[in-house]
Amino acid sequence: MDGYDPAAIEPKWQQRWIDDATYDIDNDDPRPPYYVLSMYPYPSGPAHIGHVRNYTFGDLLVRYRTMQGDGVLSPIGFDSFGLPAENAAIKTGTHPRVHTDANIERLSSSLRRIGAVYDWRRTLSSHDPDYIRFTQWIFLKFYEAGLVYRATAPVNWCPGCQTVLANEQVLADGTCERSGDMAQVRELEQWFYRITAYAEELLDGLDGLDWPNRVKTMQRNWIGRSEGAEFTLPIADENGQPRHDIGGIPVFTTRPDTSFGMTFAVMSPEHTRVSELTADHRRAEVEAFIDAVAERSEIERLSAGGPADKRGVDTGTRVVNPFSGEAIPLFLADYVLTTYGTGAIMAVPGEDQRDWDFAIAYGLPIIRTVQPPDDFDGEAYTGDGPSINSDWLNGLLMDEAKAASINWLEEQGIGERKTNYRLRDWLLSRQRYWGCPIPVVYCESCGTVPLPYDDLPVGLPDDVAFMPTGRSPLVDHPGFLHTECPGCGGPARRETDTMDTFVDSSWYFLRFADPRNQELPFSQEALERWLPVDQYIGGVEHAILHLMYARFFTRALSDLGVAPTGLREPFQRLFTQGMVRMGGGKMSKSRGNLVAPENIIEAHGADALRLSILQVKPPAEDVDWEDFGLEGCARFLGRLWRLAAGTAERANPARSGPATEADHAIDAATHRLIDRITSEFDRWSYNTAVAGCMEFTNELYRYMQADDGPHHDTLAFAIDTLLLVMAPMVPHICAELWEVRRGENIHAEQWPTADEAKLVLDTVTMVVQVNGKVRDRIEVAADIADAEAEALALASARVQAHLDGDAPRRVIARPPKLVNVVV
RNA sequence: GCCCGGGUGGUGGAACUGGUAGACGCGCCGGACUCAAAAUCCGGUUCCCGCAAGGGAGUGAGGGUUCGAGUCCCUCCCCGGGCACCA
């Protein structure tokens, strides 16, 4: 048999898996269903090494679960809408569809070349007319249910991308996550998904998910639940008494227990009632302040710095603290946000540092209402302690005082318990061409009119020019723009905004269950069979955006009766794999440091690349390309080949007949291998699984070269088992060797099971310690008794030397692993 | 500031529940084979002292619990990530 030649065997097997439909799966397959999904990729061209890592992990699992007897759903699709294709069109004149379709072909081919297997019959792309149709269909369903609305709001505009962005797409430093440009705030009318309606459910639902803690924490932070109270501060008249002819200012607080310490109140400069509530003698200053705030960039405003005395202005109006009955000044300040809570706050300088700073800057009184500890030397005290200066709350601790103050507000009828969320509604409209059109028209007489379901899909016209105008070409396409109102038949203008591409990725995993359905996005039966996804795999960069939007869509579709009622979460288990970096930095097209897997596959083969990916690091961690031990892995596969093909050098020919002790040892090691690899696959410990296979191979080489030679049956069983457990990792070489050895298809074989009886060791190396330091190792029977182990340990010459004639003070025996002699 | 990860040889990492620290790979060193090289096979490789036997030190720092700590607890330092004027 010839030497190992990956270039010869890999294409053969890749073709075979397609021809044999090995990984095609029907919805009535009798095997237990198991759904493995790697996040569908954006088709930017051929795969880069990061893709390869991602899809190798998924592929391993697909193959492993298949061998375990599951009917595995392994689909792949393409997140094919998006800005890069449109930007490329502006540069080169090539239509985004042409560009995208070509890239999908390249990426698909790369995925096949690394040996990743999918049910290609189920493939889909966001820009398929079918897919567009149902993305729009879902939009209309949400519209009917009030989960989509159009509103004017301050939104983030990215000058680089020439479109608005969702909150989630703006990074902490105010820049766009795509282009890196500083986002600008603009007041625009846009489309929103009402994800806030699900804030509480999305938060609580995290508890039941088998996801990395890190991701759950990130979502919890993002949703940001605050529990407290909302109540109204009446406007004061000139005598400081509450006015009843005019509504008060509602405020939200998480510390109602400190309300007696409220010495002023603050509204956001954008609050709708600013003008109404500004006293005439303060109007000029207030207006000057509002102008100054408007000039300040969002990032300036949100960064914590800045002198406190420039941050606010007195409105001249007073409000009443309902707890103390005192009239207190009403300020405006730039740090109070219109978009959170009620856009107005009560200020308690004694227990809030921002309020403290503000009070010092404006000479406002500070009253402590929580007794700080004796050794406290800070300013505002935010910890727990007995209430003081708080009348009927005095003496109560924080939790009791919170409850008491909320009860009082409710009894008085001026406030109530309230929970607020940081999460904002999802801005879904984009002023770009290459996305899913929003299926709505604007009619002069009927207003905003959703299209009837029968008119779907609203496609993208192909005859458009891509010019760097900063405008979507749809705006300049009269045929697209001008249409008829489906309500009155009069002239109407089509919505030219398209949807955020995260809308497409919010339901693709559902479509995979029933990808050719022409009536509905999917049938309930198909979802009941496959969903939730048993194992979802993707990058941690999607921890908030995609993973939260997809959860929202799944819950909403379930509530609307489109998806099964019981389907509340799309992804039961999530694995987030790390990135591949280059020289410690990100790998990207723009840096020109992408590693092309094509070259590596040509030089060493796809299996060697896969093995090096598995071996180099635990899959959850980031890895530098420089650390990939490609040579070592290629060397090992050569070793495996020579072993299994029977061309490895041997001291003596194989024996038959009765088994020797060495044969039994190899046999036991083989069963331990099965046990080890199974548990390592189950806990995603692929790097140690590779190590285990290498160790076992080394052991087999030593066995073969021993003086009396290997036993034929023992060796054959060991090698066959090694090929079986390695088949999910390096599928081509194992398939080829298995076919040569057994004439069958290894990927149709059952996963081996270890014989429990053979996992039990006869003898074990027992460690003997003196004062916790290892002094001797003794080979003992695995079932050795305490007393015997102790006796053996004490009899050891090395132990005796350390005892120096003294009797041990204590002996701890943990047979058969260890005895510790304490002197 | 708050919340998650993480810090182990020259190097990527291993040690899953407190019990042989450094598996496996890379690199390096040596041996076999060869005219030679490559490939292959075998062996060595935490550091320090020692020819060796052996001894000592050692998992970011310091303390603690324990017969025994990389692993548990406390204090702190460093790196990565998330949230952050959210009331």
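Naming convention: chains lettered A, B, ... in sequence-line order (proteins, then strands); numbering from 1 in each chain. All values below come from the heavy atoms of this structure, side chains included, with hydrogens, waters and symmetry mates left out.
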Under 3.5 Å, side chain of A:Y381 to main-chain N/O of A:D384, donor-acceptor pair present? yes
According to the Watson-Crick and G-U wobble definitions, with both distances under 3.5 Å, which nucleotide is paired to B:U11? B:G25
Treat primed atoms plus P, OP1 and OP2 as sugar-phosphate and everything else as base, then score nucleotides 10-17 of chain B 5' to 3': B for base contact with protein heavy atoms under 4.0 Å, S for sugar-phosphate contact only, - for none. --BSS---
Write down the distance between CG (A:N221) and C1' (B:C2), rounded to a whole number of angstrom. 9 Å
Euclidean distance for C1', B:U65 against B:U71 (whole angstrom): 14 Å
Does the protein touch nucleotides 41-56 of chain B at the base, only the backbone, or not at all? Give it as B, S and - per nucleotide, heavy atoms under 4.0 Å. SSS----------SSS
Out of B:C24, B:C83, B:C67, whichever nucleotide has its closest atom nearest the side chain of A:N820: B:C67
Considering only heavy atoms and no angle criterion, is a donor-acceptor pair shorter than 3.5 Å present between the side chain of A:R214 and the base of B:G5? no
Hey, which sits more toward the 5' end of RNA chain B by its nearest nucleotide, A:Y421 or A:V215? A:V215
Judged by modelled atom types alone, do A:T56 and A:Y686 share a side-chain donor-acceptor pair under 3.5 Å? no
A:W222, nearest nucleotide to its side chain (from B:C24, B:C83, B:C67): B:C83
So A:E631, base contact, sugar-phosphate only, or nothing? Heavy-atom distance under 4.0 Å. nothing
Comparing A:A344 with A:V690, nearest RNA chain B nucleotide closer to 5' gives the residue A:V690
Consider the side chain of A:V774, meaning its heavy atoms from C-beta on, and name the nucleotide among B:G19, B:U20, B:A87 that approaches it most closely. B:U20
Looking at A:M579, is its backbone amide N or carbonyl O close enough to the side chain of A:D622 to form a donor-acceptor pair, meaning the two atoms are under 3.5 Å apart? yes
Does A:A199 offer a backbone N or O that forms a donor-acceptor pair with the side chain of A:R225 under 3.5 Å? no
Base, sugar-phosphate, or nothing: which does A:G632 touch, judged by heavy atoms less than 4.0 Å apart? sugar-phosphate
Do you know which two heavy atoms are closest between A:A265 and A:V319, and how far apart they sit? CB-CG2, 4.0 Å
Spacing of the C1' atoms in B:A23 and B:G82 (rounded, Å): 34 Å
Can a salt bridge be assigned to the pair A:E695 and A:R676 using a cut-off of 4.0 Å between side-chain N and carboxylate O? yes
